[in-house]
Amino acid sequence: MQIKKVNSDAIKLYETSQVKFKTAGNTREVQFTAGNNNCCPIQNISKNKYLDKQTGEIKERKKSLSRYQTPKSVRKSINRLMDLIRCNATEPSYCKWITLTYADVMTDHTKVYEDGKMFLRRLQRYLNKSEEIFDSQKSFKRITVAEPQGKNHDNSWHLHILLIFNVPAPYIENNVIAELWGYGITDTHKVYDADGLALYFKAYLSDLEYEGDENEEDVCNSPSIVVKNVDGKDKKFIKGERLKYYPTGMPLFSASRGMKRPVLEKISNKEAPQR
């Protein structure tokens with residue numbers, strides 16, 4: 001397969017050009033792709049082998065050891081996560097954001113999601129039994145995100161859970177959340193901006209915050225260091241560094257069934273501004 005780089009200025013976008021229009025909650029996004037390739041150059045034979053249609057060779061798949069080696073897959077996962085948040089957290093007052101950490105180092109990524117699942121069951125039982133919480137506030141959907149803290153924190157994991165209710169979220173004291181969790185420090189707070197929350201995860205899930213000496217010349221001038229504005233503050237990140245801590249095949253997030261998904265349409269470029 002040959003790849004040819006073209007100058008973006010040479011691509012003309014006309015009123016009749018077809019674009020993809022995505023609606024995700026209160027967010028609208030227009031995408032235009034020039035020169036779509038509808039021919040797949042390979043044919044899958046098995047889990048470990050594929051056929052190269054151009055050469056006729058049967059080749060072995062290269063196995064990735066971490067998500068760092070599959071950046072395209074990671075970008076898709078992060079975009080799906082952002083879409084889920086934007087589609088379902090349209091009313092910030094209906095949401096509650098919880099962070100669950102471990103007092104001891106936790107490096108078992110499968111146990112992290114299992115611990116999160118058991119915590120949610122205990123939380124549901126707590127809500128069901130509480131007489132101070134309205135019945136309409138006792139059911140929720142959730143998005144769970146696992147985040148590795150990197151080598152400066154012994155490669156330990158922690159969880160972010162976004163709870164989404166059908167009505168304004170009930171008040172739950174953080175010490176109740178900590179007791180239900182039982183493994184370490186917790187943080188419970190309101191959601192003020194769903195889009196900001198989506199951008200937070202985009203900033204943190206792939207790139208690792210740089211915690212070294214900010215005055216090191218080689219770091220400041222390194223192309224792998226980027227500056228991002230998070231919660232109104234400029235922070236330095238090492239591009240793609242956090243992905244090294246995600247084992248291959250591990251999902252970046254999980255979510256409840258039946259959650260709203262973005263709506264994709266193919267329309268003309270002229271129609272897009274009118275949506």
Side-chain angles (χ1 to χ4, degrees), residues 19-33 67-68 70-101 116 140-150 153 157-165 169 186-211 214 222-246 250-256 259-264 272-273 275:
V19 297
K20 288 182 180 179
F21 188 83
K22 180 168 70 175
T23 304
N26 300 322
T27 303
R28 305 291 184 270
E29 184 177 307
V30 178
Q31 298 177 345
F32 172 72
T33 304
R67 299 297 298 269
Y68 178 78
T70 55
K72 185 177 180 180
S73 170
V74 172
R75 283 196 299 271
K76 288 183 178 180
S77 293
I78 292 176
N79 287 336
R80 284 197 297 269
L81 172 60
M82 293 178 68
D83 286 342
L84 266 182
I85 294 174
R86 286 168 170 165
C87 286
N88 294 277
T90 53
E91 290 288 345
S93 63
Y94 290 15
C95 304
K96 191 173 291 293
W97 186 20
I98 298 172
T99 300
L100 310 174
T101 65
F140 59 84
K141 292 184 178 179
R142 56 84 194 171
I143 300 172
T144 303
V145 183
E147 184 180 346
Q149 293 179 279
H153 299 278
W157 293 88
H158 63 271
L159 289 172
H160 298 290
I161 300 179
L162 177 63
L163 302 178
I164 304 170
F165 297 83
T186 63
D187 185 21
T188 308
H189 51 82
K190 297 179 180 179
V191 174
Y192 295 99
D193 178 17
D195 191 59
L197 189 58
L199 292 173
Y200 167 89
F201 285 116
K202 184 177 182 180
Y204 273 93
L205 283 183
S206 61
D207 302 335
L208 187 67
E209 187 174 355
Y210 177 68
E211 299 179 344
E214 294 186 359
S222 172
S224 64
I225 299 293
V226 294
V227 178
K228 299 181 182 182
N229 187 280
V230 181
D231 294 332
K233 296 181 180 179
D234 287 340
K235 296 183 178 182
K236 287 186 173 67
F237 289 84
I238 308 174
K239 291 193 293 185
E241 184 70 12
R242 194 182 298 273
L243 299 179
K244 294 179 180 179
Y245 303 104
Y246 284 98
M250 178 188 175
L252 272 68
F253 68 93
S254 65
S256 300
M259 302 194 77
K260 296 177 182 177
R261 306 282 174 171
V263 177
L264 291 174
R275 294 299 183 97

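On a predicted model such as this, the values are computed, not experimentally measured, just so you know.
- Using a 4.5 Å heavy-atom cutoff, the side chains of Asn88 and Lys141 are not in contact.
- Here CD1 of Ile161 is found 4.5 Å from CG of Leu100. Values are rounded to the nearest 0.5 Å.
- Residue Lys22 is tested with Asn79, Thr27, Asp83 for a side-chain hydrogen bond (donor to acceptor under 3.5 Å, both in side chains); the sole match is Asp83.
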Verify side-chain contact (heavy atoms from CB on, under 4.5 Å) between Leu252 and Leu81, making sure each step is shown before the conclusion. CA-CA 9 Å; Leu252 272 68; Leu81 172 60; 5.9 Å; no

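- By the neighbour-count criterion of 12 heavy atoms within 6.0 Å, atom NZ of Lys260 is sparsely surrounded, having that number or fewer from other residues, nucleotides or ligands.
- A side-chain contact (heavy atoms from CB on, under 4.5 Å) with Ile85 holds for exactly one of Ile143, Thr90, Val145; it is Ile143.
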Check the pair Asp195, Arg86 against side-chain contact (heavy atoms from CB on, under 4.5 Å), reporting the backbone distance first and the verdict last. CA-CA 6 Å; Asp195 191 59; Arg86 286 168 170 165; 2.6 Å; yes

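- Nearest approach of Phe21 to Ala272, heavy atoms of both residues: CE1-O, 3.9 Å.
- The aromatic rings of Trp97 and His160 sit tilted relative to each other, their planes meeting at an angle between 30° and 60°.
- Going from atom CZ of Arg142 over to atom CZ of Phe253 covers 10.5 Å, rounded to the nearest 0.5 Å.
- Under the 3.5 Å distance criterion, the side-chain polar atoms of Thr188 are left unmatched by any main-chain donor or acceptor of Ile98.
- Residue Glu29 holds its CD atom at 8.5 Å from CE of Met82, rounded to the nearest 0.5 Å.
- Closest approach of Gly25 and Arg28 over heavy atoms only: O-NH1, 2.8 Å.
- Here His158 contributes atom NE2 and Thr186 contributes atom OG1; the two are 13.0 Å apart, rounded to the nearest 0.5 Å.
- A pairwise comparison of heavy atoms in Ala89 and Ile164 identifies N-CD1, 4.4 Å as the closest pair.
- In plain terms, the two heavy atoms of Arg261 and Cys87 that are nearest each other are C-SG, 3.6 Å.
- Taking the six-membered ring where the residue is Trp, the centroids of Phe165 and Tyr94 are separated by 6.0 Å or more.
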